[in-house]
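A short write-up of the structure that comes next.
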Amino acid sequence: MSEKPRILTGDTPTGQLHLGHWVGSLENRVALQDSYECYFLIANMHAFTTRVDKPDEIRRSTLEIVKDWIACGIDPERSTFVLQTEIPAIAELTWYLAMLLPFNRVMRNPTLKTELEDKGLGDNYSFGFPMYSVGQCADILIFRPKLVPVGEDQLAHIEPCREVARRFNQLYCGVDPHTEDADYEKAGGLFPIPEGKVGRVARLVGTDGKLKMSKSLNNAIFLTDEFKQIKKKLSGLYTGRVAMDEPGDINNSLFQYVRAFIRDEARVAELERRYAAGDNIGDGHIKVEVAEAIDALLAPMRERRAELAGEKGDEKVLEILREHTKKANAAAEETLYRAKQAMRLDFGRRELVFP
Ligand code: ATP
Ligand code: MG
């Protein structure tokens, strides 16, 4: 067993990964790979919350996301990939945790509300949709991580996870409610109280210039996009600017991209100064410069991804997933066993066989 503290985070296979994922979470994952024992989850069960009618797409996206991970530098030799549907302990723990979360608390989650709005779901969502937020508590807690690297939108999901972890520890492990969050395990609790870690850019705006960049909102620059596509998508970015010789707002969506992707600080400062002063620098020009910076970031990713192209690449990914499912199940089964012991569901230890 590794002595390193753990990380758990993940993505829903509702499409391919994009720049929002990179700055919000992927970059941190790559950076923390050596100092933490990392578990990265593909939430393929949760993908069904919004697309019950698209099983083929979900399966395709599941493989594509793993390819994106490897392409952006997540190393399957050092990190463990968790295929949600093949880890039964997660679904079981979801049930137990659902009992510890008030219904109104789940429905009050601001991210859930925003998602319903952005995805135009209205009142027309399944019972499973809000359930995914309870499921996410189980996704996290089953691996007992200290840290959860996520975008800002997901912090609202980590809060109930922290609440439910405290409650479980108090109810079933006899931890005193006055215990500091950092001391729950020391005090006999099964679950650490995990902390969210937001990336360099908390919430990258999409190429519509309004909503969060999102796989399912048609406003994303994907990690696989080529220079031409990047340029085209950015050209549509709304900035609200009237003329080149009028002062521009350096807090607009374009400048969020400038600061996120142009890594030369002196150049960023110069662009900010000239834009704010209305010093004859056009949106179009800056957009091309941003596109070039993004292209430079994505080029090595595209190269690594090409090595996993086609059916051969699919086979390789499936092989990795099968191997990793065994590792992930070992860790998850251990936690579930201990959780059930604590709940007096101590009727013996099962053995899970995954071929
Ligand atoms: P969906 O539209 O299906 O919800 P998504 O694009 O929002 O997809 P998720 O799979 O929900 O992606 O999110 C995966 C991780 O990436 C989460 O930690 C989330 O906070 C982060 N993330 C997603 N979009 C952004 C963004 N635009 N800026 C920063 N972080 C983001
Ligand atoms: Mg999302």
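When a ligand or atom number is given, it counts from 1 through the structure's own listing order.
- Applying the salt bridge (Lys or Arg N to Asp or Glu O under 4.0 Å) test to Lys215 and every residue at least two apart in sequence or in another chain returns nothing.
- For the 3.5 Å distance criterion, the side chains of Thr62 and Asn44 fail to qualify, holding no donor opposite an acceptor.
- A heavy-atom distance below 4.5 Å is found between the side chains of Thr335 and Phe191.
- Using modelled atom types and a 3.5 Å distance limit, the side chains of Asp283 and Tyr275 yield a donor-acceptor pair.
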When you check ligand 1 against the protein, what N or O pairs turn up below 3.5 Å? List the atom names and distances, or just say none.
| residue | atom | partner | partner atom | Å |
| --- | --- | --- | --- | --- |
| ligand 1 | 2 (O) | Ser214 | OG | 2.5 |
| ligand 1 | 2 (O) | Ser216 | N | 3.3 |
| ligand 1 | 2 (O) | Ser216 | OG | 2.3 |
| ligand 1 | 3 (O) | Thr14 | OG1 | 2.6 |
| ligand 1 | 4 (O) | Lys119 | NZ | 3.0 |
| ligand 1 | 6 (O) | His18 | NE2 | 2.9 |
| ligand 1 | 6 (O) | His21 | NE2 | 3.4 |
| ligand 1 | 6 (O) | Lys215 | N | 2.9 |
| ligand 1 | 7 (O) | Lys212 | NZ | 2.5 |
| ligand 1 | 8 (O) | Lys215 | NZ | 3.0 |
| ligand 1 | 10 (O) | Thr12 | N | 3.0 |
| ligand 1 | 10 (O) | Thr12 | OG1 | 3.1 |
| ligand 1 | 10 (O) | Lys215 | NZ | 2.7 |
| ligand 1 | 12 (O) | His21 | NE2 | 2.9 |
| ligand 1 | 12 (O) | Lys215 | NZ | 3.1 |
| ligand 1 | 18 (O) | Gly151 | N | 3.1 |
| ligand 1 | 20 (O) | Gly151 | N | 2.8 |
| ligand 1 | 20 (O) | Gly151 | O | 3.4 |
| ligand 1 | 20 (O) | Asp153 | OD1 | 2.6 |
| ligand 1 | 24 (N) | Lys212 | NZ | 3.3 |
| ligand 1 | 24 (N) | Met213 | O | 3.3 |
| ligand 1 | 27 (N) | Leu204 | O | 2.9 |
| ligand 1 | 27 (N) | Met213 | N | 3.4 |
| ligand 1 | 27 (N) | Met213 | O | 2.9 |
| ligand 1 | 28 (N) | Leu204 | N | 2.9 |
| ligand 1 | 30 (N) | Gly20 | O | 3.2 |

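- With respect to Glu185 and Arg144, no salt bridge is recorded, no charged nitrogen being found less than 4.0 Å from a carboxylate O.
- Just one of Asp225, Asp295, Asp68 meets the salt bridge (charged side-chain N to carboxylate O under 4.0 Å, His left out) condition when paired with Arg302; it is Asp295.
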